[in-house]
Number of protein chains: 2
Amino acid sequence: MSQTTVSRALNGFPEVSEKTRQVVLEAAAKHNYKPNTRARRLATGKSMTIGHLVSVSKEYELVNPIFADFIAGASARYAQSGYDLLLSLVPDEDEFTSYKELAARSAVDGVVVHAPRVDEQRIAQLNSLNLPFVVHGRSSNALEKYNWVDVNNERSFFRATQLLIELGHTSIGLINGVAGVDFAVRRTQGYLRALKEHNIEPTDAHVTHSEMTEPNGYKNALALLDLRNPPTALIASSIIMANGIRRALDDRDLKLGRDVSVITHDDDLSYFRDAAAVPVYTATRSSVREAGRLSADLLLKTIVNPGRDPEGILLDAELILGSSTKPPPTR
Amino acid sequence: MSQTTVSRALNGFPEVSEKTRQVVLEAAAKHNYKPNTRARRLATGKSMTIGHLVSVSKEYELVNPIFADFIAGASARYAQSGYDLLLSLVPDEDEFTSYKELAARSAVDGVVVHAPRVDEQRIAQLNSLNLPFVVHGRSSNALEKYNWVDVNNERSFFRATQLLIELGHTSIGLINGVAGVDFAVRRTQGYLRALKEHNIEPTDAHVTHSEMTEPNGYKNALALLDLRNPPTALIASSIIMANGIRRALDDRDLKLGRDVSVITHDDDLSYFRDAAAVPVYTATRSSVREAGRLSADLLLKTIVNPGRDPEGILLDAELILGSSTKPPPTR
DNA sequence: AACAAAATCCAAAGCGCTTTGAAGAATTTA
DNA sequence: TAAATTCTTCAAAGCGCTTTGGATTTTGTT
């Protein structure tokens, strides 16, 4: 039997009879034969690989656990379509170099861009490379069209802030992610809009920016709690920071919910799933794993159909009522 | 100039003069030429790719944030040697199928095995596939030799337990990882050995096993605290569980350190780095990122030199004194 | 100047598949 | 039954590199 027939049988071409195909499939199964990936990729001209470049700040070498869940969602989708996932952690200063290199040696068919900034250069750069991509998040100042999957950060933080105000809080802290990263900016916008609509004067000292680690949640919460006029409620950008906030409250002998209300954004991380009947934290919740799945889906669609118009998918975070929010204590 | 010369110039063969090499390198740089990955891999017969298969329990779809840091360490090492990292999350029931598939289609030159069990079948299976691999952790009952990188779990949990006993604790709970996973077993062994050496009768109810999530830390801590004769000290297998334990203490109006002492294993995760002058938690600390780096190094060595004897690298976790351990409260 | 040795370069084969274009076998139509 | 049509199969080319073995040029030796 010729190579051609085997190849066609395995790849599902109609030119081969069902009987022949069965024979081939059985033989392949028997010898555990799988077409050699390398040869196949060269012959088809496809890499069948998606690149995820995660930028790591050289200084701190932080790797956000969020990636683990995002990638879990994406990975499942890739596997479905026979794509491999290439993961690369690169120093943040030369992320574009890495994209360029991947493109030049044609190692991937597409890439996912993480944590875009308000002014994100990678979008224009990737468009110029002609490498299909999808952004997890958006870039407010981007001029070109691009594929993205994002949650409605502005609106959900608006709602969170509003909820606290309606409970009676007038002094609310925001423990946000790194300044300049798009989602953090939008969250601040939502927070400020809610304050404004209720005629509450924002206080600069009430907003902090940092990587969303547990120690930073602790540190920033302490800073806010130690103000002469401390906020009675805090909004956190990540459940990991919320863990740090709890520790800070502990240190100051304050009780979460009773003394200080907290709302956190909850990415529904698998190792921090707040699944109690009454959730621990009142939260704006949106599964980052689902975002990963959708991003992967969008990217694969774009790869298969290069002419496709870029698309944006906006997920709505739910505002979930937990037990970490109460009216402010009366004094 | 011939293809051969260019190829040799780029790949650093001595047959080409330094002058010619410079000309080639400049031309390549100018046109951003990089040899096509696919063609190169077919020609050389190498995949230049390392596979990381992370098994995901189908039921819960948990992805341990530890992987993020482990992979960060490994990734840096791979990049150094021009290897790509292929990440695949697979349902745990058919992890071997995935290895077999990767080997059959020769998509990777080697793999890393995560979270081995006491009885780990994958080791024999991979040896039979003749696919280079290194295990992160060990498998107590494995008969064959294999490459591994592990921390001294037995000894560090022995020391942690001993420290608590020396402080005066006689009732100590252990909030461990999933039963049957090798590191968890060794940790229990260390814990039991310390109890025994101090003539303390172990209590079955004092040891819990589960995935090392925050909610499980909370749940298991509550279960222990609510015993009629609750332990005065807890040992946790992960800093993420320690966060859950803190929450449980909070719920019971107990103060960490004062009312209940806690020692946790600390993988030095970048988003949970306990870097205060006096650490928050007394901990057995060992950087999982460093383990990743070492695993990658060992694997690459094995790939380059297939005849190499399997090697084991044992890291020693430091016992770091923090502020979460005190003598038991007197009543 | 003549020859040997070393340095440098090149043409062609081959990596293991997919895909094209054409041939052969089976079926249908006139 | 012969021709037309469809179904099934196959030989060979090509994907973009690396590597082999030989040809050519340069350098060194007597």
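Letters go in sequence order (proteins before strands), and every chain restarts at 1. All values derive from a computational prediction rather than experimental measurement.
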Counting only side-chain nitrogens and oxygens, does [X] get under 4.0 Å of the OP1 or OP2 atom of [N]?
X	N	result
R38(B)	dG16(D)	no
T5(A)	dC10(D)	yes
Y33(B)	dG16(D)	no
N11(A)	dT18(C)	yes

Can you measure [X] atom [atom1] to [N] atom [atom2] for me and round it to whole angstrom units?
X	N	atom1	atom2	result
M48(B)	dC17(D)	CE	P	16 Å
K19(B)	dA7(C)	NZ	P	16 Å
R105(A)	dT18(D)	CZ	C1'	17 Å
R40(A)	dC17(D)	CZ	C1'	20 Å
R21(B)	dC9(C)	CZ	P	10 Å
L10(A)	dT18(C)	CG	P	8 Å

Could you please name the option among [options] that lies closest to any side-chain atom of [X]?
X	options	value
F13(A)	dT19(C), dC9(C), dC17(C)	dT19(C)
L42(B)	dT18(C), dC9(C), dC15(C)	dC15(C)
R8(B)	dG21(D), dC17(C), dG16(D)	dG21(D)
T4(B)	dT18(D), dA12(D), dT20(D)	dT20(D)
P35(B)	dC17(D), dC15(C), dC17(C)	dC17(D)
A43(A)	dG21(D), dC17(C), dG16(D)	dC17(C)

Checklist line | Upstream residue (5' side of DNA chain C) when A39(B) and T20(B) are each assigned their closest nucleotide | finding: T20(B)

Item checked: 5′-ward residue of the pair Q3(B)/V16(B) relative to DNA chain C -> V16(B)

Could you tell me whether [X] and [Y] make a salt bridge, using a distance below 4.0 angstrom between a side-chain N and a carboxylate O?
X	Y	answer
R77(B)	D297(B)	yes
K30(A)	E26(A)	no
R273(A)	D268(A)	yes

Checklist line | Sugar-phosphate only, base, or nothing, as touched by S7(A) at under 4.0 Å among non-hydrogen atoms | finding: base

Note to self: Would you compute the distance between atom CG of N141(B) and atom CD1 of I123(B) and round it to the nearest 0.5 angstrom?
What the structure shows: 10.0 Å

Next item on the list: May I ask you to check whether S106(A) and N36(B) show a side-chain donor-acceptor distance below 3.5 Å?
Entry: yes

